[in-house]
Number of protein chains: 2
Amino acid sequence: MAKRTGSLPRVLPVRNPAVPAYRWLYEALRGEILTGRLRPGARLPGSRDLARQYGLSRGTIVNAFEQLAAEGYVAGSVGSGTYVSPTLPEELLPLRRTVEPPRPPHPPRRALAGYGRRVQLLPGVEARPTRAFRANLPALDLFPVALWSQLVARRWRRATLGLLSGSEPLGYGPLREAVADYLGASRGVRCTAEQVAIVSGTQEALDLVARLLLDPGARVAMEDPGYIGATAAFEAAGARVAALPVDDQGAVLRAASLRGARLVYVTPAHQFPLGTAMSLARRLAMLDWARDAGALVFEDDYDGEYRYSGRPIPALQGLDRHGVVLFAGSFSKVLFPSLRLGYLVVPADLVERFAAAKSAATRHGPLVEQAVLCDFIGEGHFGRHLRRMREVYAERLGVLLDSARERLAGRLDISPVEAGLQTAAWLPAGVDGEAVARQAAARQVEVTPLARYARRPLARDGLHLGFAAVDRREIRRGVRELEAILGS
Amino acid sequence: MAKRTGSLPRVLPVRNPAVPAYRWLYEALRGEILTGRLRPGARLPGSRDLARQYGLSRGTIVNAFEQLAAEGYVAGSVGSGTYVSPTLPEELLPLRRTVEPPRPPHPPRRALAGYGRRVQLLPGVEARPTRAFRANLPALDLFPVALWSQLVARRWRRATLGLLSGSEPLGYGPLREAVADYLGASRGVRCTAEQVAIVSGTQEALDLVARLLLDPGARVAMEDPGYIGATAAFEAAGARVAALPVDDQGAVLRAASLRGARLVYVTPAHQFPLGTAMSLARRLAMLDWARDAGALVFEDDYDGEYRYSGRPIPALQGLDRHGVVLFAGSFSKVLFPSLRLGYLVVPADLVERFAAAKSAATRHGPLVEQAVLCDFIGEGHFGRHLRRMREVYAERLGVLLDSARERLAGRLDISPVEAGLQTAAWLPAGVDGEAVARQAAARQVEVTPLARYARRPLARDGLHLGFAAVDRREIRRGVRELEAILGS
């Protein structure tokens, strides 16, 4: 037991030079208190004594003592004497316990759940300048920041206690109304506002659907090549993913792949990554199949807002008479990705289950942003921005097509589909997309080989080229760099 | 096959009076096109003919035609003649298919996954005025809205493309740094910024932990009575939840409940809902148990910032030398709940798995709000707001205690713990908390019976009383109403 004295009962543990001095002293003194070697009421050594004994600066000692005081281990103050807290109840002191210093990192082998072992990191956003041909990104430099900011400021000026409190799990009611109206008018989606779930984006929609529908071992069918985020969500759930090939009418409904499937994932408006639109015949056949199989169809309308020629292609969901389609979209491709707002239109009989899953996952999405987005849509800014972006992107796609025709004919054939924020482009047989992507990266050009999206080898590789996020000059630069790589 | 004529090939389906007229006409005509009875190029009947034939207004017909045109089924315009779209490719037409009208709702029996069957709806926020004694809510009327709004506006003025793009899964780097610093200084948490995951709140933290660690059938132990959102997360994961009783030293570490547990959920700073602090002896014993069992401890520090008397109680996490504690907190109780930002401090060896799970769930949280919060903390506003709120809440707690002593002595004994946003109060033996809560609700007073948080019957019921969200006048009104209910 410690004497009530100003000197420490024994020499403190040797200091690890990697640990800041004040931290070492704090931990050493705390160890003395916790093990009972310094008892309640015991006086700690004076700061001058400690400074002398251990070669520490006075500031170091003051820091350590302040930390101990803040955490309630000691009372008093530097100068007038510092004591082990006399109110530290006896029963708190584990007398027979020694406090170990932080151990060297030898991570324990944790027994993770199946999900924990399966889930894969999806790539995050790297902080680097936007270059040709980054995909999946709108022209952020054309987003009306000042206008959005005004709407944000107005919402804050009028902030109610309700706005600060929260909402129902599926989101801010007026936004759900606005989204239902927008999707009805622009995408041919038939739903009530009650069927609209506000989510953080397509990934959360996929995740919630996978959790609600897929036990480990369940079967899912999806397009191949297809969206990696969907594959990741299904595989993390433990589902077995079967491939649906993609031809010029969209996903081919292969009976072998569909057999036993609980869910089919498709991108009917603009196949990801190949760009084809699913034909009406396929759409209707898919809906019939889902009804007969008791399965659901996840329609990822990831960039269905953008179509630059030909007829608009209404959503598969609008043809659905059996309540088998889950329709997902995001505001990332029209507004900005870091907003993290999207929607999932849920068949009426599943709304209650989705609300439960959303509430158990995050309670609900952030509210002020939902209110601002609601204003942005309701006051017509959304429609105007979308129309303006369609013009800009159509022009940028034109620049890409013209420039590629001029410089890359025969070496990179761009798919004729005119929609979305990116397009597929085919390399000559035998040319390796990964090699081209590496050479392009060295020239500050970003292209993704189509083979990366494929589960089975592609007959011919290609590149995924984004054209929306950068201006015509950068697009032309990108084409010239590709020309240099692919030879003339 | 339809003749190329201005009159319809047959009478359209009978109109359901519940469906708007334009919708009925649109669907009927679309059905004719989809079944091939109206072929590409066929002229639709004139609007005057249709108006006469079906007793419709011209506006109704224009609306239906415009919808068909918007979706690409027809071209031309009202007046000059409307045709089935001649570019509608032949292969899109499923000639042998009849389009059914929307079916009466007979929801299919969906085969949900285990999670889908188990997950329970957590109560949302109801839009109603804040009354005594609403719990789990800070004083929203004292939140510095103007200041926050200025920081938001400044972030938008300086918005970079990076801020609009996104972040790593675990959140905005500078915010993770700020949270690590804050938790180290104020809560005794020892972590690096890399260990801090920004999440939407404690619910998301619980959900991610449950997914990563708990397969169906896994065992979890938690305090009883305890937080319903935690029970819900564990039960949705399919875990078997064992109860740890709570006494005046916090959770009792009952061997039978802990046996085989992969995870223990505790609220050491201020037990939810009873308010006791976990003793140091229990803390150390729990850490030892977790190390030996290869289990993890979820420390929910849901209102650890608020302590009005006695020593601050540093986090259990700060005593952890074995990397067994997951420390979760939220900004809902200091700032405002609809912000949806919180944190989870993860043992170093689990950081990569958490990043994967977060990326697969929502990719990452919204970024602008994270940046604003980072400014709010970094510029000292957070600390100032917290200190001010501590004073306000301490005073409100004092009003509650004084008023209850005066009017409710012997009928409602308020727990002596002075921390948090709410307190437990005990009813006389035999008085039913639910009955009191019902009578209170009729008098615009909100109290939650403690029995609602309990898995096993309580020896004596009580009420959970929030004192932070409303002013002293409303607190006194609440006490008078309870006096009227409980008799004198």
Requested in this report: Counting only heavy atoms closer than 4.5 Å, note whether B/Pro347 contacts chain A via side chain, backbone, both or neither.
Outcome: side chain

Report summary line: Scored by heavy-atom pairs under 4.5 Å with chain A, the best of B/Ser332, B/Ser165, B/Gly166 is B/Ser165

Report task. Measure A/Leu296 against the heavy atoms of chain B and call it side chain, backbone, both or neither at under 4.5 Å. Result -> side chain

Requested in this report: For A/Phe234, check ring-ring contact (aromatic ring centres under 6.0 Å, His included) against everything at least two apart and list the hits.
Outcome: none

Query raised in the report: A/Tyr172 and A/Gln370: which non-hydrogen atoms are nearest, and at how many Å?
Result: N-OE1, 2.8 Å

Query raised in the report: So which of A/Val152, A/Val199, A/Leu350, A/Thr130 has the biggest tally of heavy-atom pairs under 4.5 Å with chain B?
Result: A/Leu350

Report summary line: In terms of heavy-atom pairs under 4.5 Å with chain B, the winner among A/Leu112, A/Leu206, A/Asp320, A/Asp215 is A/Asp215

Report summary line: Of the listed A/Ser200, A/Gly116, A/Ala205, the one with the largest count of heavy-atom pairs under 4.5 Å with chain B is A/Gly116

Report summary line: Value for CH2 (B/Trp148) from CG (A/Leu164), rounded to nearest 0.5 Å, stands at 10.5 Å

Please report, to 0.1 Å, the donor-acceptor pairs under 3.5 Å made by any side chain of residues 355-365 of chain A, with sequence neighbours excluded.
from: A/Lys358; atom 1: NZ; to: A/Glu204; atom 2: OE1; distance (Å): 3.0
from: A/Lys358; atom 1: NZ; to: A/Glu204; atom 2: OE2; distance (Å): 2.9
from: A/Lys358; atom 1: NZ; to: A/Thr362; atom 2: OG1; distance (Å): 2.8
from: A/Ser359; atom 1: OG; to: A/Ala356; atom 2: O; distance (Å): 2.9
from: A/Ser359; atom 1: OG; to: B/Leu122; atom 2: N; distance (Å): 2.8
from: A/Arg363; atom 1: NH1; to: B/Pro123; atom 2: O; distance (Å): 3.4
from: A/Arg363; atom 1: NH2; to: B/Tyr227; atom 2: OH; distance (Å): 2.9
from: A/His364; atom 1: NE2; to: A/Ser167; atom 2: N; distance (Å): 3.2

Query raised in the report: Which residue out of A/Arg211, A/Gln203, A/Glu168 racks up the most heavy-atom pairs below 4.5 Å with chain B?
Result: A/Arg211

Query raised in the report: Between A/Val368, A/Leu341, A/Leu212, which shows the greatest number of heavy-atom pairs under 4.5 Å with chain B?
Result: A/Leu212

**Report entry** Top of B/Thr202, B/Leu367, B/Leu339 for chain A proximity - count of heavy-atom pairs under 4.5 angstrom
**Finding:** B/Leu367

Query - Least distance between heavy atoms, B/Leu214 atom then B/Arg262 atom - result: CD2-CB, 4.1 Å

Query - Residue part contacting chain A, namely of B/Leu208, when any heavy atom lies under 4.5 Å - result: neither

Query raised in the report: Which bit of B/Glu369 is near chain A, if near means a heavy-atom gap under 4.5 Å: side chain, backbone, both or neither?
Result: side chain

Query raised in the report: What is the minimum heavy-atom distance between A/Arg30 and B/Arg321, and which atoms define it?
Result: NH2-NH2, 2.8 Å

**Report entry** Main-chain N/O of A/His322 paired to A/Arg291 side chain as donor or acceptor, under 3.5 Å
**Finding:** no

Report summary line: Smallest heavy-atom separation, B/Leu335 atom then B/Leu140 atom, equals O-CD2, 3.9 Å

